[in-house]
Amino acid sequence: MALITTAPRGTQDLLPENSFKNQWLESTLAKTAADFGFSEIRFPTFEHTELFNRSVGDTTDIVQKEMYTFEDKGGRSITLRPEGTASAMRLMLENGLDKGLLPVKAYYLIPCFRYEKPQAGRLREFHQFGVEFFGSATPKADCEIIALADECIRRLGVRGVSLNINSIGCPECRAEYRTALVEYFKKREDKLCKQCRERLATNPLRVLDCKDTDCDGDVENAPVITDYLCGECREHFEQVKTLLTESGVAFSVNPRIVRGLDYYNGIVFEFISSDIGAQGTVCGGGRYDGLSAQMGGSPICGLGFGMGLERMLLLLEKQGLLPDSGNGCRVFIGSMGEAAGKEAFRIALELRREGVAAEYDSVGRSVKAQMKYADKINAEYTVVLGDSELESGVCRLKRMSDGETKELAISDLGGFFR
Ligand code: ATP
Ligand code: MG
């Protein structure tokens, strides 16, 4: 296999004929976020490795197995971001946004990198729409980000996506749950995969999230966190459920949802589709009130979600919801002969400068081949310039949808399309 003509495994190219689909998806998400009062942020593609070790968590799959980490030429350990929350938090703390006007509401559209086993809906470079909400501890904030994800899904038009929510409690109630969970899994330790046996000691909640098909933890019958929530966590969870119901956001409580990253506490949620195979979680998120302090920052609370764009595109494609074409060519200026070819170029440029998408023959094709090309690029109108058109200053504009033609002065083309 020739390495220079083959993209690395688990990556995808975006081709010119498809990019309008991604642009449509991304602009729909950005507009929805903006309507909810979120502003875009951008941060580097790589960070100091320590940031992810400290935030995502040393015992998670991401940090232990999936990060693209390397030493740069200055001897620093650098990692291509596996997710966005750690960077967003770093950005907020470094720029002192936690000391300014709260809440801080931010979104981003980013590539993420994880060394995973590539399959449908699972890539090594994938893209996320992420949203973070810093500085509010109220159940309203939880409901707002859930409602935002829900509204994104509604605007995209996808059907059959169910919202699963859970509370994984605060460090206090989780400690008690953790003990109960370890006790339960210890009894069937021999049936667990090697990794889950290790997880029992380091991070037992992760056993609930194991994706190894040979691992038989009988997770179905394991103790559920919701039985262990303290009064405060229970009350918060109740309020979120009530507010969601009152706001018309449909959900089910699923006590198995624990999420794969360490920084979560309280409300966690996933939007799951059964339409795109095993990797059906199109969006996941939750609250991470301890993260800032864990990173050495002020004790500011936060919450957010990440939506996988490739999985969302799979779903949109499957349900036939993607737009047919992007903003196509409005007019193709064909030409016959050297002088007309130059004039076509000049007119196309003039139209483009006026914001009209115009195209001309840059290859030197015959008129017949030019028209075939115009058809392929879905030009709305075509016109062919030759010596006689140049002489008379009049051309014949053809509407491609029905073949109707119209005579007009070449100098009026701009006016016609403006
Ligand atoms: P999963 O359980 O599917 O591994 P996750 O819990 O690791 O997902 P998050 O870290 O919450 O995922 O990322 C948010 C979203 O990003 C996921 O819900 C999913 O839609 C998408 N995503 C995560 N990993 C990948 C990947 N390797 N390829 C494509 N999309 C991904
Ligand atoms: Mg994962």
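Start at 1 and go down the list; that is how both ligands and their atoms are numbered.
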Partners of Glu176 by side chain to side chain contact (heavy atoms under 4.5 Å, CB included), sequence neighbours excluded? Tyr228
Could you name each residue pair satisfying ring-ring contact (aromatic ring centres under 6.0 Å, His included) that touches residues 340-369, not counting sequence neighbours? Phe345-Tyr360
What salt bridge (charged side-chain N to carboxylate O under 4.0 Å, His left out) pairs are there with at least one residue in residues 136-145, not counting sequence neighbours? Lys105-Glu144, Asp142-Arg287
Is Glu83 salt-bridged to Arg114, cutoff N-O under 4.0 Å? no
Measuring centre to centre across the rings, with the benzene-like ring taken for any Trp, is Phe251 within less than 6.0 Å of Phe269? no
Non-hydrogen atoms closer than 4.0 Å to ligand 1: which protein residues do they belong to? List them by chain and number, please. Arg114, Glu116, Gly121, Arg122, Leu123, Phe126, Gln128, Lys211, Arg259, Leu261, Thr281, Val282, Cys283, Gly284, Gly306, Gly308, Arg311
Please name the residue in the list Glu132, Arg81, Glu47, Arg42 that meets the side chain to side chain donor-acceptor pair (under 3.5 Å) test with Ser87. Glu47
